[in-house]
Structures are given as structure tokens and as C-alpha cells.
Amino acid sequence: MNPSLPSHGFRKVNAPMPAAEPKPSAPSGVVTRFAPSPTGYLHIGGARTALFNWLFARGRNGTFLLRIEDTDRERSTPEATAAILKGLAWLGLDWDGEVVSQFDRRHRHAEVALEMLARGHAYKCFSTPEEIEAFREAARAAGRSTLFLSPWRDADPASHPDAPYVIRLKAPRQGATVIEDAVQGTVTFRNDQLDDMVCLRADGTPTYMLAVVVDDHDMGVTHVIRGDDHLTNAARQTQVYHAMGWRVPVWAHIPLIHGPDGKKLSKRHGAVGLEEYQVMGYPAAGMRNYLARLGWAHGDAEFFSDAEARAWFDLEGIGRAPARLDFRKLENLCGQHIAATPDAELLPEIEAFLEAAGRPALLAAQKDGLARALYSLKDRAKTFPELLEKAHFVLAHRPFVPDEAAAKALDPVSRGILRELTPHLRNGSWSREALEEVVTRVAGAHGIGLGKIAGSLRAALAGRTISPSVFDMMLVIGREETLARLQDATA
RNA sequence: GGCCCGUUCGUCUAUCGGUUAGGACACCAGGUUUUCAACCUGGGAAGAGGGGUUCGACUCCCCUACGGGCUGCCA
């Protein structure tokens, strides 16, 4: 096998290598692949397919390959390929070896087509597209099957005209083709329902149907995990495996993802491209967790780590019904992952989010402040934008203007109380216990609760009515900055 | 039209012939609480419909309905 380099300059983009994990068990020989066609963004459903393949291979110490199915030259674009690689990189799905361009392997595909021809498993068909279309139209009108049966299937080569032709598979007419699918079970197709598919087009280029089989075989793919829109195709492809005498891989056709309304996922559902999820500020770990649970289950496990997912993932746990997208659950899971992620890992992710969202990068001082404040922020946010909003107190430079709600909390009475609080803060010790004691005492002296004084204090310190605990904020920004902000707010 | 696949709370799902059909998200009520987030307690919420098989069906079979896929010299 000789996986050629991609024809477009997309090798520059590389998937990040996830932190080294202890390799589980012995090599299993499992080889999976993700094979998207570069005709647009990375679809959320495609992302899940990639994740399943990745989990299956990585959990078994196997190999996960990436192949770009770019044989359709009309619709394939280098931009789409770049978007796919970028999306996979963000999701944290790393692949083994070079990216394979299917188009670059076209000569190998043609070679196989010719071999089938030589062996009598394929034949030259001289029917023109016009003839075939006319036949189909007539069949449709008459309510008959539109399956095209080529008159050239058993024609004497001596009768072949000097005209363009395609190479069709000489598929069996009798009997049935049986798919043993790890998800769908045994699926039987009568052979008279399957036509002689085109393997090589008139221009000598291979069709997808031929190319997948040749590539999967040459790449040593043992398990084909893909959308169940390919279930019927699997029957046709099986015929090619049989014709070539190749070992048929384990099939696993997974149900597609549907929109919240249960209909096929399309643009009108919004957020169909994976990159949109990064821009919305969902952490990749939460995304992986959510996507893994969509159509797959491991008992009652809902929130789990990548290591657990790899250890648990299996084909048997995949459901057979299409799953709908549920943003609430996604958010819930993402919140849990943000809370569980170590600060040192969270910070770069937040910076990557800012860049992806086209927002200004963090200044050194902001980054430093955020790092110190993270402990008080990460368990109160479900997405990065939410976290950043709550981090306003550590990101903003004073003097800053409070937002409308915060300004309201800084009424004259409240400002008076804050003024009175100031000297106590100037002189007391700067620990959580001491701060709580002082603030509570001053509130008590005015006959108000902690809630009331905390409200105005929050407004003064954060310029917002939503933030981490006032004590955490004071601890993070320190005594001097706290006093300065109180000064600003009460002046 | 033909062929193929699917159908458990609103959503994701557990169950692999015998359960008061479980969990999670969401929702509702109450509690806790310095905001937000979170947390605690409780609640409502499901086997598409109809036939079989069986002592017993969510689970097995058939039909119907409804979704979906394929039916391309697209992938």
C-alpha cells in the first residue's frame, strides 16, 4: 500500500497529540478509519462517527486512520479538507500516519477495476447516460423498478463498439448478499435488488463505491464504523470484496443524528458544523462526552473521562435508532467538564476559544489574573463565554463602569455602607475568615443581611451583578485593588 | 414505486421473557444560598397501534402507522 500525500496543501494542519496515556492491553490489530468527503464543514454527525472510530481503535490499542474521499473533483475543496482537519484537531481526535487522499490513489483503483474485468467479475458497458436516463424515466412512469440492467453484461467483446464505456461490476443475479452488521444485525439483500454498479467512469476515474473498498482493503481496515446511510452500500461493496477475494471487514452502521425536531440534521437546525461548537465555547472534552453518549450507552454512565470512554466503548452498546441533539444536556456535561478540568489545561483552551471566536487575545496581566481566579470560576460556568463573563472582575482595568444592574446596586445608602466598610478592610487581615467576619459585622451593624451588602460589594468589585463570591474576588485581586475599586465606586 | 433500517418518559438512554420499567438532562414544587452556577428533598413523565407465540412479553414473530436510508458515470 502506498497512501499518497494529499494533493492540496493541508499537511500543515496537524492534530495535536493528546497527553500520553498508558496504552491499554495488547495490540488488537484493530484498524478503523474516518473517511469524510471534503465538500463542506465537518458535520456534527461526521464528528461523532469519527469519535466512535477513534474510541474503538484507541480503546483497543488499535490504529485510527484518516482518509479524505475527494474523488468528486467538482465538489471537493481544499478549504473543506482544512476545515475537517481543524475540526478533528479541536475535538482532540488524532489519527495515525499520513492523511490519505482518495483521489491520489485513483490509479490503484483503476488497476483493481481492470483486474476484475480480466477475471470476468466486471464488464464494459457502452450504454450512454442518456440511454440509461431514458430507461429510468420510462420505468418510473410505468411504475417498474428503475434498476438498470445493462445489455452489455454478457455481450461478446467482438461486438464492442469503439465508444466510451464504463466498467460495471458483474454482480450476482441470483441469491442474496448478506451483511453481518455489529449494530444492525444480519441484513439480507436480494441480489435482484442490486444493480451492476459502475466501478470506473467513462473518463477512467473510479467511483466512490469502488474506491472505498480498495482503500479500506489496502489500508488494512478491520472495522468500518460509519453512518447507516451506507447500509445499502455495504451490500454492493461486499460484492466487490467477494469479486476480489478480499476479507470483508466488520461492518458497524450507526444511526444518523437528527435535529431537535427529529428530522434529518440540516442547516435550518443551526450549528451543524463542528467548528460552530468551538465558537460557542463548548469545551472539547464535554463535546466528546456528549457525542459519545448520543446513540451509545454504557449502563447508567453519563459523565465520564476520555480514558473511561476508551475503556468502555464497544459496538454492542450502540443503539439502532437515530438520536436527537439536545443542547441542554450538552451544556450540562460541558459545565461538569469545565469544573473537572485542571486550571493548567483550561487556560490554553480558553485562549483557543477566544481565537476561534475572533475575540481579542488575553493580555499577559489578564492571563495571570484569570489563572489565579479560575478556581472560583470554573464550577459556575457551562461554556467559556459564560466563564469569561463571570471573570470580568479580574479581566477589567479600573476604573471601569458598572453595567446597568450593578449601577442600581450602588445606590447612595449602599455606597455609604461600603465607605464605612473600607477602613475595616484596610486594616484587617486578608484572609477569607477575616474578610467574612468583617463584612458580616458591618452588615450587622446596619441591620442588613450579608446578601444585601454582598450585592453592592459585588457591584463595586466586579461592575456586574453576576460574579464569583465577593470573598473570592477580594482574595484574587488583593487588598490594594479592592480598596481602589471601593474608592472608585463610592467617590 | 421497490428494497433496507428504525420506534421505551419532552430528550439521551438502561432493560438482553418474569422489575413498583431504572438513570441522566429538562421541567414543576419545596429547601439551602452573597449573585450566578451548584447543591439537597420531593413530584409529574414512557414501552406507536393491532394481532399472535408463551404460564408470562418493552423484550420473540406478523401486520399497520409514522420516521429515516438507498434506489447516480455523488460521496
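First the proteins, then the strands, lettered A, B, ... as listed; each starts at 1. Note that the coordinates shown come from a computational prediction; the quantities given were computed from them, not determined experimentally.
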What does U7(B) pair with, Watson-Crick or G-U, if both distances are under 3.5 Å?
A65(B)

In terms of the angle between their ring planes, are Phe304(A) and Trp296(A) parallel, tilted or perpendicular, with boundaries placed at 30° and 60°?
perpendicular

Check the distance between U8(B)'s C1' and Arg320(A)'s CZ and give it to me in whole angstrom.
13 Å

Counting any heavy atom closer than 4.0 Å, what does Leu377(A) reach on the DNA or RNA strands: base, sugar-phosphate only, or nothing?
nothing

Pairing partner (Watson-Crick or G-U wobble, both distances under 3.5 angstrom) of G47(B):
none

Please tell me whether Asp472(A) and Tyr375(A) have a donor and an acceptor in their side chains that are separated by less than 3.5 angstrom.
yes

Is the phosphate of A75(B), meaning OP1 or OP2, less than 4.0 Å from a side-chain N or O of Arg75(A)?
no

Mind checking Val470(A) for me? I need base, sugar-phosphate or nothing, with any heavy atom below 4.0 Å counting as a touch.
base

Tell me the partner of U54(B), counting only Watson-Crick (N1-N3 plus N6-O4 or O6-N4) or G-U wobble (N1-O2 and O6-N3) with both under 3.5 Å; none if nothing fits.
none

I want to check something: taking the side chain as every heavy atom from C-beta on, are Arg288(A) and His337(A) in contact at a cut-off of under 4.5 Å?
no

Using a 4.0 Å heavy-atom cut-off across all strands, classify Ala321(A) as base, sugar-phosphate, or nothing.
sugar-phosphate

With a 3.5 Å cut-off and heavy atoms only, can you find an N or O donor on one side and an acceptor on the other between the side chain of Arg380(A) and the base of U35(B)?
yes

How do Gln336(A) and Lys452(A) order along RNA chain B: which one's closest nucleotide is nearer the 5' end?
Gln336(A)

A75(B) versus C39(B) - spacing of their C1' atoms, nearest Å:
49 Å

When only distance counts, do a donor and an acceptor, one from the side chain of Glu302(A) and one from the base of G23(B), lie under 3.5 Å apart?
yes

Is the shortest side-chain N/O distance from Arg464(A) to OP1 or OP2 of U34(B) below 4.0 Å?
no

Closest-nucleotide 5' rank along RNA chain B - winner of Leu325(A) and Asp228(A):
Leu325(A)

Describe the nucleic acid contact of Pro468(A) in one word from base, sugar-phosphate, nothing, applying a heavy-atom distance below 4.0 Å.
base

With rounding to whole Å, what would you report as the distance between A26(B) and C40(B) at their P atoms?
13 Å

Pick base, sugar-phosphate or nothing for His253(A), based on heavy-atom distances below 4.0 Å to the nucleic acid.
nothing

Which word best sums up how the rings of Phe56(A) and Phe313(A) line up, parallel for under 30°, tilted for 30 to 60°, or perpendicular for over 60°?
perpendicular

Tell me what Tyr290(A) touches on the nucleic acid: a base, only sugar-phosphate, or nothing, going by heavy atoms under 4.0 Å.
nothing

Is it the case that more than 12 heavy atoms not belonging to Arg398(A) sit under 6.0 Å from its CZ atom?
yes

Name the nucleic acid region contacted by Gly295(A), choosing base, sugar-phosphate or nothing; use a 4.0 angstrom heavy-atom cut-off, strictly under.
sugar-phosphate

Could you list the protein-to-nucleotides 19-22 of chain B atom pairs, N/O on both sides, closer than 3.5 Å?
unit_1	atom_1	unit_2	atom_2	d
G22(B)	N2	Asp300(A)	OD1	3.0

G-U wobble or Watson-Crick pairing nucleotide for U41(B) (cut-off 3.5 Å, both distances):
A29(B)

Backbone N or O of Leu461(A) within a donor-acceptor pair of the Arg485(A) side chain at under 3.5 Å?
yes

May I ask you to say what Ser127(A) touches in the nucleic acid, namely base, sugar-phosphate or nothing, with a heavy-atom cut-off under 4.0 Å?
base

Given the options Arg236(A), Arg173(A), Arg168(A), Arg153(A), Asp195(A) meets salt bridge (charged side-chain N to carboxylate O under 4.0 Å, His left out) only with Arg236(A)

What does A14(B) pair with, Watson-Crick or G-U, if both distances are under 3.5 Å?
none

For C70(B), give the paired nucleotide (Watson-Crick: N1-N3 plus N6-O4 or O6-N4; G-U: N1-O2 and O6-N3; both under 3.5 Å), or none.
G2(B)

Write down the distance separating the C1' atoms in A45(B) and G23(B), rounded off to the nearest Å.
14 Å

Scan Ser37(A) against the nucleic acid and name what it touches under 4.0 Å (heavy atoms): base, sugar-phosphate only, or nothing.
sugar-phosphate

Under 4.0 angstrom between Thr188(A) side-chain N/O and C4(B) OP1 or OP2
no

The Watson-Crick or G-U wobble partner of U34(B), with both key distances under 3.5 Å, is none

If the plane angle is over 60° it's perpendicular, under 30° parallel, otherwise tilted; pick one for His392(A) and Phe400(A).
perpendicular

Under 3.5 Å, is there any donor-acceptor pair linking the side chain of Thr146(A) to the base of U71(B)?
no

Can you measure Asp326(A) atom CG to U11(B) atom P for me and round it to whole angstrom units?
10 Å

Answer with base, sugar-phosphate or nothing: what part of the nucleic acid does Thr39(A) contact at a heavy-atom distance below 4.0 Å?
nothing

With rounding to the closest Å, how many angstrom separate the P atoms on G31(B) and U20(B)?
35 Å

So Trp152(A) and His160(A), would you call those rings parallel, tilted or perpendicular, with 30° and 60° as cut-offs?
perpendicular

Gln237(A) and His230(A) side chains, donor-acceptor separation under 3.5 Å:
no

Using a cut-off of 4.0 Å on non-hydrogen atoms, how would the nucleic acid contact of Met209(A) be classed: base, sugar-phosphate, or nothing?
base

Please classify the nucleic acid contact of Arg293(A) as base, sugar-phosphate, or nothing, using heavy-atom distances under 4.0 Å.
base

So, does the side chain of Arg458(A) form a donor-acceptor pair with the base of U34(B) at under 3.5 Å?
yes

Would you call Arg201(A) and Asp203(A) a salt bridge, taking side-chain N to carboxylate O under 4.0 Å as the test?
no

Taking 4.0 Å as the cut-off, does a side-chain nitrogen or oxygen of Lys382(A) come that near to OP1 or OP2 on A38(B)?
yes

Base, sugar-phosphate, or nothing: which does Thr205(A) touch, judged by heavy atoms less than 4.0 Å apart?
nothing

Any donor-acceptor pair under 3.5 Å joining the side chain of Asn233(A) to the base of A75(B)?
yes

Reckon Arg236(A) touches a base, only the sugar-phosphate, or nothing at all at heavy-atom distances under 4.0 Å?
sugar-phosphate

